[in-house]
Amino acid sequence: GGVAIAIDGEIGELGAEVIINGCYSTSAPPKYCNLIHRNADGLVVDIDDRNLNVGRTVTAGVDFAARYDIPSPLGRFAFSLDGTWLQRYDRTLADGSVDKQKGTYDRQLAMPAWKANAGARWGLGGLGVALLARYTGSYKECSNMDGLSGADGSCTLETGLSRTVAANTTLDASVSY
C-alpha cells in the first residue's frame, strides 16, 4: 500500500562551508559562529563539525505485490509481481536547501520513479524452471563538483553535467533439479 514518511533531525555534519557561510551571512542573522575557533591572532585554527541532528527526509510512494499459484497435473505454476512507485524523495540538507531526489541517481541512491520484479515458475517433482524480470525506470545521473559522475553526484548542484539513464529490464532464467 501507499506510505508517506518524514524523518526530522537526521544525524549528520553541517560541513565547514555551511558553518562559515552561516557565521558570515549578510542576509540573515549570524549562526554557527561558536563552532569556529580562533587563536590569539584571530586566525581560524579549528571548525567544530561534529555530528548533530540536522536535515530532514520526506518520502512517499506505493508498494504493490501480487502472487498466484496454479496447481495442475502438469506441475505447479507460480506467478509473482512486486513493484514500487516513488511519488517523492526530498532531503533537506544542513544548509536548508532541498534535494529532490525522485528520478535521480543522487548522493549514492538510484531513485527512479518506477521499479518492479515479475517472475514465473514451474515445478514438477524435483524439476523446476524459473524466469525473473527486473525493471528499473529511467533516471538522471548527475556529476559531483569535480564534474565526475558517480555516487557522490548531486543533481541539486546543477553542474550542468548529467545524463539520462534509460529504463532497463534484465532477465534471469534458472533450471533446478
Side-chain angles (χ1 to χ4, degrees), residues 1-66 80-117 134-168 170:
V3 67
I5 298 171
I7 302 169
D8 289 316
E10 291 179 327
I11 296 173
E13 297 174 345
L14 290 170
E17 183 178 357
V18 170
I19 293 169
I20 291 170
N21 289 342
C23 182
Y24 297 104
S25 174
T26 57
S27 62
K31 56 183 175 180
Y32 309 132
C33 294
N34 61 320
L35 301 176
I36 300 173
H37 305 285
R38 301 173 180 281
N39 66 15
D41 297 327
L43 299 173
V44 174
V45 293
D46 185 41
I47 297 176
D48 190 0
D49 191 17
R50 297 181 213 185
N51 283 336
L52 301 169
N53 292 100
V54 297
R56 179 173 204 244
T57 297
V58 177
T59 185
V62 176
D63 292 333
F64 55 90
S80 63
L81 175 65
D82 298 286
T84 298
W85 171 66
L86 182 63
Q87 179 190 13
R88 70 188 284 192
Y89 194 94
D90 300 341
R91 294 193 65 211
T92 302
L93 305 177
D95 65 359
S97 63
V98 177
D99 205 352
K100 295 186 177 292
Q101 295 181 349
K102 175 189 172 188
T104 67
Y105 176 47
D106 210 12
R107 301 187 190 273
Q108 303 179 351
L109 298 170
M111 296 286 186
W114 288 97
K115 291 197 289 190
N117 295 325
R134 291 187 175 114
Y135 171 80
T136 302
S138 68
Y139 54 90
K140 182 179 174 182
E141 181 180 39
C142 301
S143 69
N144 62 18
M145 290 301 287
D146 297 324
L148 302 173
S149 180
D152 63 340
S154 174
C155 295
T156 303
L157 296 174
E158 296 297 335
T159 60
L161 299 172
S162 66
R163 68 183 181 121
T164 298
V165 177
N168 66 80
T170 60

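- In this structure, the separation between CH2 on W114 and CG on L86 is 10.5 Å, given to the nearest 0.5 Å.
- By the neighbour-count criterion of 12 heavy atoms within 6.0 Å, atom CD1 of I11 is sparsely surrounded, having that number or fewer from other residues, nucleotides or ligands.
- A search for side-chain contact (heavy atoms from CB on, under 4.5 Å) contacts involving Q87 returns A60, W85, not counting sequence neighbours.
- Within a 6.0 Å radius of NZ in K115, other residues, nucleotides and ligands contribute 12 heavy atoms or fewer.
- Using a 4.5 Å heavy-atom cutoff, the side chains of Y32 and N21 are not in contact.
- Between S138 and T164, the shortest heavy-atom contact is CB-CG2, 4.5 Å.
- In this structure, CG on N117 lies 8.5 Å from OG1 on T84, to the nearest 0.5 angstrom.
- Closest non-hydrogen pair, A110 versus Y105, comes out as N-CD1, 3.6 Å.
- Contact detail for E141 and V165: the closest heavy-atom pair is CB-CG2, 4.1 Å.
- Exactly one of D8, V98, D90 qualifies for a side-chain contact (heavy atoms from CB on, under 4.5 Å) with R56. That residue is D8.
- The two residues P30 and C23 make their nearest non-hydrogen contact at CB-O, 3.4 Å.
- The line from OH of Y89 to CD1 of I5 is 9.5 Å long, rounded to the nearest 0.5 Å.
- Scanning all heavy atoms of the two residues, the minimum distance from V58 to A6 falls at CG2-CB, 4.1 Å.
- Note that the CD1 atom of I7 and the OG1 atom of T92 stand 12.0 Å from one another [nearest 0.5 Å].
- Atoms CD1 and CD1, on I19 and I36 in that order, are 7.0 Å from each other to the nearest 0.5 Å.
- Annotation: the span from L35 atom CG to I47 atom CD1 amounts to 9.0 Å, rounded to 0.5 Å.
- Using modelled atom types, one side-chain atom of N39 and one backbone atom of D41 make a donor-acceptor pair closer than 3.5 Å.
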